[in-house]
Amino acid sequence: MDSVELERFMDKVRKGPLEEDCWIWVGAISDDGYGRFSIRRDGRERMVRPQRLLFEHVTGRTLSPDVKLLHSCDVPICVHVTDGYGSHLFEGDDSMNMRDREQKRRSGRTHVGRRGLSRQELAARSRDLRKLILTVGWDREAISAVLNGVSPDQPRLFDWP
Ligand SMILES: [Zn+2]
């Protein structure tokens with residue numbers, strides 16, 4: 001990313017107040033609940049995953065397509081990448097992904113009940129989170145309510161306009 005593109009990118013990111021907080025992507029969100037960002041390379045527009053783009057930018061490494069980026073925070077639209085300690089994103093594969101979730105489930109560390117969620121529900125959750133950040137700002141309690149999943153069938157905590 002050049003400086004212009006990086007600025008356009010960071011314009012779509014809202015960082016939490018604490019160093020360990022998520023950096024929430026408030027740009028476009030795909031139907032699978034992850035962000036997307038358009039870049040221009042060799043005169044062509046391409047849609048990329050913001051967390052992968054920032055990871056490559058920050059670490060200077062190129063991710064091959066079969067390498068997955070896993071979220072330690074379980075927030076699909078988090079783009080908190082650092083080169084080393086404190087990063088919310090790390091390289092892995094599907095088996096690591098499952099082990100990671102299993103460990104979190106056992107230790108009760110995860111606050112996000114992502115398993116069993118459909119793509120649609122994940123996308124709705126990401127969009128709810130984006131909307132919250134953009135309208136209310138960094139309200140920790142409200143964020144955790146969104147992440148803990150208030151499905152459309154359950155009473156809604158927020159009445160979105
Ligand atoms: Zn995060």
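The structure displayed is predicted, hence computed values, not measured ones. Each ligand, and each atom within it, is numbered from 1 in the order the structure gives.
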Is any N, O or S atom of C78 under 2.8 Å away from the Zn ion (ligand 1)?
yes
Residue C73, metal the Zn ion (ligand 1), N/O/S under 2.8 Å:
yes
Does a side-chain heavy-atom distance below 4.5 Å link V13 with M10?
yes
Could you check R130, K131, R125 and say which one makes a side chain to side chain contact (heavy atoms under 4.5 Å, CB included) with R127?
R130
Answer key: the N, O or S atom of H88 nearest to the Zn ion (ligand 1) is ND1
Describe, in one word, how the ring planes of W25 and F9 are oriented to each other, choosing from parallel (under 30°), tilted (30 to 60°) and perpendicular (over 60°).
tilted
Is it true that atom CZ of R41 has more than 12 heavy atoms of other residues, nucleotides or ligands lying nearer than 6.0 Å?
yes
